[in-house]
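By convention here, the first residue in the shown sequence is residue 1.
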Amino acid sequence: MNQQASSGTALTCRFWASAILRALGSLRLAIVLMVVLGAVLAWATLLEASRGREHAQWYVYTSPWFLILLGLLGLNILASTLVRLPWRKHQTGFVLAHAGLLVLLAGAVQSFLYGIEGQVVLQEGEQTDRMLLNTRSKIMVSQHAAAERKSLEFTFAPGPTNWAPRHRLDFGVSNGLNLSILRFYRHAREQVDWVADEQDYQGPALRLRLLGKSGNIVTEEWLAGGLYGGEAVIGPTAYQLWSLPLETMVEDFLDPPQLPAGAGILSMHHEGRLVRVPVGENVGRRIPLGDSGIAVEIVAYLADARPGPDGRFLARSDQPRNPLVELKVHLPGEAEPMRQVAFAKLPLLTLDGVYGRVCPVRFWFHHGGISTTAGAVFAQDPNGLLYCRPVVNGAYGAPVEARKGSRIAIGGQFSVVVLRHLPCARQDVSFHPVEQDLEASVDSEAAALVELTVGEVRRELWLQRGNLQYGVQRILTNDGSVTLEFGYEQVPLGYTLELKKFVRDAGPAAADPGGITSIVRLSDLRRGMDEQHEISMNAPLSQGKFILYQSGFRDAGHGREASVLTVAYDPGRLLKYSGSLIVCVGIFAMIFRRSSRSRNGMPPLDGDRPEKSPSATGHDDETHDQLATQSVLKPIVPRRRHAQSGSRGSRPPGDS
């Protein structure tokens with residue numbers, strides 16, 4: 001009884017295993033999977049053509065459901081091969097073709113899961129040993145405390161589209177720091193505003209409106225003044241804003257000296273005292289500042305100054321394009337004097353930041369040879385009051401006090417209105433999403449609104465990936481400063497790549513990557529390698545596990561161009577090539593076998609006969625599967641029939 005029960009259980013298990021195997025390996029399932037896969041690939045091609053390659057990778061090729069689809073196709077191929085066990089010699093081609101397909105699918109899945117593609121962007125003379133991953137971003141946070149510096153990296157894959165409003169990415173708490181991403185725009189442009197902030201301010205700020213001849217509004221812009229002042233061009237007019245730290249400097253602005261022809265007048269400010277001297281007749285002399293013991297030496301006067309290679313200034317010409325005075329400040333009790341400069345165009349610019357020491361004397365160099373453009377110069381005193389000197393007909397007009405709503409006439413039949421005045425202002429940068437044109441030469445980079453919490457300090461700020469101005473932000477906390485930098489995740493190349501020369505064909509097709517060549521130097525000191533190669537679209541460079549392609553170029557500014565190289569690593573390439581080769585061998589074996597039997601007038605064998613659809617044979621593929629099942633159950637079925645016939649006392653004819 002127990003033997004009959006175990007035989008029945010084994011029979012049931014074998015039946016269900018055979019049924020599942022037949023279902024997975026059926027021709028009907030294969031047709032459905034192939035149709036679905038073809039439709040998905042067609043959709044992915046259209047998606048890549050309309051939205052870009054990153055969309056196709058994110059939504060199709062690297063998505064979990066696409067990998068499941070490939071897995072089902074692999075199970076179908078494996079099951080259709082196993083259902084024909086035991087294999088015969090004449091089925092060699094069939095088995096090889098299906099095995100090759102399985103190897104090919106395994107290589108494709110490996111490429112999708114572990115493949116790497118990035119970029120290297122270089123100008124001539126630049127070198128790097130890393131590449132940037134286009135699909136992965138990184139936010140680096142550096143904490144600068146009194147005695148140590150800590151750095152943390154937060155990496156994530158943002159995807160090719162803007163995040164939904166409720167989408168938030170929280171990286172958790174690390175070293176007392178919590179970082180979250182509240183908003184992400186795949187392509188964004190900045191919008192700069194200024195807000196009042198008396199604690200973390202950068203200087204004063206003005207919102208100005210330029211009016212035309214008839215009072216029509218031409219444009220509106222912000223004018224901000226930092227430590228050394230600020231400038232802005234609004235339409236055809238130019239403006240400056242200075243935050244004057246001393247009352248004597250305010251006096252110097254409101255009541256400037258009469259300027260003689262020549263080298264101009266130097267104003268010196270020290271402890272509430274204003275001393276003015278003509279520059280031309282005092283070059284090489286020391287000028288004492290009362291009984292303070294401080295003396296100022298005018299070393300040199302340069303009418304058109306430019307910085308030299310050793311940190312000194314040189315004269316380009318005798319024309320007063322950039323007047324400058326070289327100074328030495330002799331302090332009591334010090335053997336070496338302090339070096340200082342005074343620019344006529346930038347009266348607040350000093351060398352304090354260069355030498356890390358504040359000079360006790362402030363200077364203002366007045367020069368009459370500076371060309372002036374229609375506009376105005378604004379100055380804020382230490383109490384937050386605002387004054388203005390308009391520029392009319394190429395000369396400075398009388399100073400006036402400026403308030404909110406003040407309308408000031410300037411040259412060229414223009415006037416300017418002060419819409420807002422913020423004595424203590426901080427720049428507030430926000431970003432808004434934009435649509436990126438696939439044909440555009442300049443890419444609007446991604447921007448993220450991040451929330452940073454350090455102790456009791458919580459700040460929200462925008463970062464734009466890879467942007468020189470907005471890609472790095474710094475905030476102050478009770479434990480020191482914190483710097484945030486938004487960029488791409490980087491992967492080491494394993495060698496150093498230097499761009500020696502960049503060649504681009506001129507003409508209408510200059511933007512075509514086919515006309516671009518990069519001559520690079522590839523070096524690896526550990527391997528003793530130092531080689532030079534040419535990389536173009538049709539001539540990639542294979543080095544190590546990476547292949548480098550010429551994919552384009554970028555405008556690097558100042559009339560320079562940067563070469564863009566695409567770097568790819570395909571771990572499934574060998575499997576895909578091997579699988580394709582095995583498939584070809586299997587198909588050739590099947591064709592050779594069939595043609596050989598046809599020449600000999602022999603009927604095709606079971607393994608050579610292709611499965612037919614119901615419309616062609618009148619039977620579906622289940623008929624073939626039932627025959628295969630009967631052959632599997634053949635050792636059991638005769639015994640059951642024999643037992644039944646024994647109860648009747650006879651055996652069916654033809655049974656053995």
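- Atoms OG and CG, on Ser536 and Leu541 in that order, are 10.5 Å from each other to the nearest 0.5 Å.
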request  = Could you go through the side-chain contact (heavy atoms from CB on, under 4.5 Å) check for Ser430 and Asp193 one step at a time?
outcome  = CA-CA 8 Å; Ser430 61; Asp193 202 357; over 6 Å; no
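- If you look at Tyr185 and Trp462, their ring centroids are closer than 6.0 Å.
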request  = Carefully, step by step, assess Leu169 and Trp163 under the rule side-chain contact (heavy atoms from CB on, under 4.5 Å).
outcome  = CA-CA 10 Å; Leu169 178 60; Trp163 287 6; 3.9 Å; yes
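- Closest heavy-atom contact between Val429 and Phe431: CG1-CE1, 3.8 Å.
- Salt-bridge check for Arg465 with Glu445: passed, with a basic side-chain N closer than 4.0 Å to an acidic carboxylate O.
- We find the OG1-CG distance between Thr350 and Leu227 to be 7.0 Å, quoted to the nearest 0.5 Å.
- One finds the CZ atom of Arg554 at 13.0 Å from the CD atom of Glu561 (value rounded to the nearest 0.5 Å).
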Intermediate values then yes/no, side-chain contact (heavy atoms from CB on, under 4.5 Å), Phe66 and Leu41 = CA-CA 10 Å; Phe66 184 74; Leu41 294 178; 4.2 Å; yes
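- Side chain of Trp222 to backbone of Ala232: no donor-acceptor contact under 3.5 angstrom is found.
- Lys501 has its side chain out of reach of Gln532: every pair of non-hydrogen atoms, C-beta onward, lies at least 4.5 Å apart.
- A 4.5 Å side-chain heavy-atom check between His533 and Leu522 finds at least one atom pair inside the cut-off.
- Under the 4.5 Å side-chain criterion, counting only non-hydrogen atoms from C-beta, Gln110 is not in contact with Lys576.
- Met529 CE: more than 12 foreign heavy atoms inside a 6.0 Å radius.
- Other residues, nucleotides and ligands contribute at most 12 non-hydrogen atoms within 6.0 Å of the CZ atom of Arg573.
- Put simply, the side chain of Thr128 gets close to the backbone of Arg130: a donor and an acceptor are under 3.5 Å apart.
- Note: Phe154 and Phe171 meet the aromatic proximity criterion, with ring centroids under 6.0 Å apart.
- For the pair Asp304/Asp318, no side-chain contact is recorded, criterion being any heavy-atom separation below 4.5 Å from C-beta on.
- Minimum interatomic distance between His55 and Pro160 (heavy atoms only, all atoms of both residues): CE1-O, 3.5 Å.
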key: Worked verdict on Leu548 versus Leu497 for side-chain contact (heavy atoms from CB on, under 4.5 Å)   = CA-CA 11 Å; Leu548 291 84; Leu497 201 66; 3.5 Å; yes
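- The two atoms that bring Cys359 and Gln340 nearest to each other are CB-NE2, 3.4 Å, heavy atoms only.
- The distance between the ring centers of Phe343 and Phe313 falls below 6.0 angstrom.
- A side-chain donor-acceptor contact under 3.5 Å links Gln550 to the backbone of Gly552.
- Other residues, nucleotides and ligands contribute only 12 or fewer heavy atoms inside 6.0 Å of the CZ atom of Arg474.
- The residues Glu117 and Arg53 are annotated as salt-bridged, a charged nitrogen and a carboxylate oxygen being separated by less than 4.0 angstrom.
- A donor-acceptor distance shorter than 3.5 angstrom exists from the side chain of Ser63 to the backbone of Val60, with no hydrogens or angles considered.
- Nearest heavy atom pair, residue Arg186 against residue Thr161, reads CB-C, 4.0 Å.
- Distance check, rounded to the nearest 0.5 Å: OG1 of Thr566 to CG of Asn134 gives 7.5 Å.
- Although no hydrogens or angles enter the test, the distance criterion places a donor-acceptor pair under 3.5 Å between the side chain of His432 and the main chain of Arg189.
- Put simply, the side chain of Gln57 does not reach to within 4.5 Å of the side chain of Thr135, judged on heavy atoms.
- One finds the CG atom of Asn322 at 7.5 Å from the CG atom of Leu346 (value rounded to the nearest 0.5 Å).
- Across every non-hydrogen atom of Gln123 and Ala562, the tightest pair is CG-CB, 3.8 Å.
- The line from CG of Leu565 to CZ of Phe553 is 13.5 Å long, rounded to the nearest 0.5 Å.
- A heavy-atom distance below 4.5 Å is found between the side chains of Trp194 and Gln202.
- Using a 3.5 Å distance cut-off with no hydrogens or angles, the side chains of Ser523 and Asp530 do not pair a donor with an acceptor.
- Residue Leu179 forms a side chain to side chain contact (heavy atoms under 4.5 Å, CB included) with just one option from Val173, Leu152, Val450, Val454, and that option is Val450.
- Considering only heavy atoms from C-beta on, Phe112 comes within 4.5 Å of Leu70 through its side chain.
- For the 3.5 Å distance criterion, the side chains of Thr453 and Asn178 fail to qualify, holding no donor opposite an acceptor.
- Here the options are Arg183, Arg168, Arg459, the test is side chain to side chain donor-acceptor pair (under 3.5 Å), and the partner is Glu451; only Arg168 passes.
- In this structure Asp352 satisfies the salt bridge (charged side-chain N to carboxylate O under 4.0 Å, His left out) test with no other residue, sequence neighbours excluded.
- Between Ala56 and Glu48, the shortest heavy-atom contact is CB-CB, 3.8 Å.
- Considering only heavy atoms from C-beta on, Leu449 comes within 4.5 Å of Glu460 through its side chain.
- Side-chain atoms of Glu534 and Thr517 form no donor-acceptor pair, as typed in the model, at a separation below 3.5 Å.
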query = Between Asp129 and Thr496, does a side chain to side chain donor-acceptor pair (under 3.5 Å) hold up when you go through it step by step?
reply = CA-CA 4 Å; Asp129 59 354; Thr496 301; 5.1 Å; no
